[in-house]
Amino acid sequence: MVEDKLAIREVIENWALWRDAGDWERFATVWHEDGWMTATWFQGPARQFIEVSRAGFERGVSILHFLGGFTCDVAGSRAIAQTKMTINQRAMVDGLEVDVVCTGRFYDFLEKRDNRWAIVRRQPIYEKDRMDPVEPSRRVMLDVTVLAKFPEGYRHLAYLQSKNGFTVKGNLPGLRGPAVETLYAEGRAWLAGSATAGTPL
C-alpha cells in the first residue's frame, strides 16, 4: 500500500513537472491510453490535451502548476488521489499584463495496469482565484458583469482565458455544491469497481 501511494504521488508530481517544462514524451507516460483531461479551457482525451498543450507552449502560453498536500485512497488496482494545487497563468487582459492564481485540488482517478500506475481521469476542483497586475503600480479594471458570469472558484481565470480566445466551460466543481458532490460520488464508485471513471465533464 505504501509503495502504491508513493508511485501514485510520483505520477502526480511528474504530471506537473513534465507538462510545465514541455517534456511531452515523458508527460504522455503519466496517462493511460484512454486517459481523459478536464480543465476550464479543455475537455477531452489526454492525447489531445498533450497536443494542444504543446501547441500553446510553443506559442508562449504561460500556464504553470504548483503542488501541495496529497492524499490517496487505494482499493486494489484502483485509486483516487487528491492534491492541493495552484494554477498560475500570465497573459494580457485589456492591454495589461496580469497574473491569475487559482487555488484548488487535482482529483485523479488512477489505475494500475501491467504494474504501472497512471491517470485515467483528471478533474480539477476550483476553490478560489485572484488576478493581479504584473506591474504593481498598475490597476486592473474588469467588467464586473462579465466576471459575474463565471463560477466563483475560477472566475478570474475564466475571465483571463476568455479574453485570450479560450472557450471556458462553466459549472466545473468548486469547493461546495452539486458538481463536486457528484465527483466525490464518482470517486467512491470508482474505488468500488464501477465500469467507468464517472462521467467526465
Side-chain angles (χ1 to χ4, degrees), residues 14-28 30-31 34-67 83-108 119 121-175 177 179-180 183 199-201:
N14 286 343
W15 190 102
L17 267 293
W18 292 340
R19 187 221 172 272
D20 289 357
D23 193 343
W24 307 113
E25 289 187 9
R26 289 204 288 178
F27 182 54
V30 305
W31 302 92
D34 56 343
W36 184 275
M37 176 68 194
T38 295
T40 53
W41 60 277
F42 176 89
Q43 304 85 43
R47 60 184 178 276
Q48 185 181 349
F49 177 69
I50 296 168
E51 292 173 1
V52 297
S53 295
R54 181 172 188 164
F57 184 89
E58 290 176 351
R59 68 174 185 269
V61 173
S62 176
I63 303 176
L64 302 174
H65 303 82
F66 292 86
L67 303 180
T83 311
K84 289 295 296 182
M85 59 79 177
T86 60
I87 302 167
N88 296 261
Q89 185 164 359
R90 175 170 292 185
M92 302 297 292
V93 171
D94 298 331
L96 181 64
E97 189 175 37
V98 301
D99 282 329
V100 168
V101 177
C102 182
T103 299
R105 282 169 282 156
F106 284 136
Y107 192 96
D108 293 313
I119 299 170
R121 175 189 172 193
R122 166 160 283 188
Q123 174 59 67
I125 298 170
Y126 302 93
E127 296 176 344
K128 70 172 185 177
D129 70 345
R130 60 177 294 156
M131 182 186 295
D132 298 288
V134 173
E135 170 51 58
S137 65
R138 303 292 298 276
R139 185 178 180 186
V140 182
M141 300 293 291
L142 303 181
D143 185 328
V144 294
T145 303
V146 174
L147 188 67
K149 293 179 180 178
F150 300 115
E152 180 181 2
Y154 58 100
R155 61 178 36 150
H156 296 89
L157 183 61
Y159 191 102
L160 176 148
Q161 291 176 340
S162 63
K163 285 283 187 176
N164 283 271
F166 293 94
T167 299
V168 178
K169 185 174 178 62
N171 301 317
L172 293 173
L175 185 58
V180 77
L183 181 63
T199 303
L201 299 172

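In this text the structure is predicted, and so the values were computed from the model without any measurement. In this chain, residues are counted from 1 in sequence order.
By the 6.0 Å contact criterion, NZ on Lys84 is enclosed, its count of non-hydrogen atoms from other residues, nucleotides or ligands being greater than 12. Sparse packing is recorded around CD of Glu152, with 12 or fewer heavy atoms of other residues, nucleotides or ligands lying under 6.0 Å away.
Closest approach of Leu172 to Ala39, counting heavy atoms only: CD1-O, 3.9 Å. For the residue pair Ile125 and Val180, the shortest heavy atom distance occurs at CD1-CG2, 3.9 Å. For the residue pair Pro151 and Asn171, the shortest heavy atom distance occurs at CG-N, 3.8 Å. Closest approach of Val140 to Leu142, counting heavy atoms only: CG1-CD2, 3.4 Å.
For Trp18 and Phe27, the ring centers are positioned 6.0 Å apart or more. Ring centroids of Trp36 and Phe49 are separated by 6.0 Å or more, keeping the two rings apart.
For the atom pair CZ (Arg121) and CG (Leu183), the distance works out to 5.5 Å, reported to the nearest 0.5 Å. Annotation: the span from Ser53 atom OG to Met37 atom CE amounts to 7.5 Å, rounded to 0.5 Å. Here the straight-line distance linking atom SG of Cys102 with atom CE of Met85 works out to 6.0 Å at 0.5 Å rounding. Considering CG of Leu157 and OH of Tyr126, their distance stands at 7.0 Å, rounded to 0.5 Å. One distance of note links OH of Tyr154 with NZ of Lys169; it measures 8.0 Å at 0.5 Å rounding. Residue Ile87 holds its CD1 atom at 8.0 Å from CD1 of Ile63, rounded to the nearest 0.5 Å.
Salt bridge annotation for Lys163-Asp94: present, with a cationic side-chain nitrogen under 4.0 angstrom from a carboxylate oxygen. Classification of Glu58 and Arg54 as a salt-bridged pair holds, one side-chain N sitting under 4.0 Å from a carboxylate O.
Side-chain contact between Phe42 and Gln48 is present, with at least one heavy-atom pair separated by less than 4.5 Å. Between Arg130 and Val100, the closest side-chain pair of non-hydrogen atoms is not below 4.5 Å.
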Problem - Derivation and outcome, salt bridge (charged side-chain N to carboxylate O under 4.0 Å, His left out), residues Glu127 and Arg105 - result: CA-CA 8 Å; Glu127 296 176 344; Arg105 282 169 282 156; 2.7 Å; yes
Practice task
Please step through side-chain contact (heavy atoms from CB on, under 4.5 Å) for the pair Val144 and Val146, ending with a clear verdict.
Solution key: CA-CA 5 Å; Val144 294; Val146 174; over 6 Å; no
Practice task
I would like to know whether Leu96 and Met141 meet side-chain contact (heavy atoms from CB on, under 4.5 Å); could you show each step before the answer?
Solution key: CA-CA 9 Å; Leu96 181 64; Met141 300 293 291; over 6 Å; no
Exercise for the section: Please lay out, stage by stage, how Arg90 and Glu97 fare under the test side-chain contact (heavy atoms from CB on, under 4.5 Å). Expected result: CA-CA 7 Å; Arg90 175 170 292 185; Glu97 189 175 37; 3.5 Å; yes
Handout entry: CA sep, side-chain torsions, deciding dist, call: Asn88, Thr86, side-chain hydrogen bond (donor to acceptor under 3.5 Å, both in side chains)
Key = CA-CA 6 Å; Asn88 296 261; Thr86 60; 3.2 Å; yes
Exercise for the section: Apply side-chain contact (heavy atoms from CB on, under 4.5 Å) to the pair Phe106 and Leu67, showing each step before the final yes or no. Expected result: CA-CA 9 Å; Phe106 284 136; Leu67 303 180; 3.9 Å; yes
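The backbone N or O of His156 sits less than 3.5 Å from a side-chain atom of Asp129, completing a donor-acceptor pair. With hydrogens and angles disregarded, a donor-acceptor distance shorter than 3.5 Å links the side chain of Asp20 to the backbone of His65.
Under the salt bridge (Lys or Arg N to Asp or Glu O under 4.0 Å) criterion, Glu25 pairs with no residue, sequence neighbours left out.
A cation-pi arrangement, defined by a distance under 6.0 Å to the six-membered ring centre and an angle within 45 degrees of its axis, is absent between Arg122 and Tyr107.
The aromatic rings of Tyr159 and Phe150 sit perpendicular to each other, their planes meeting at more than 60°, with 30° as the lower class boundary.
Looking at Thr40 and Gln161, their side chains do bring a donor and an acceptor atom within 3.5 Å of each other.
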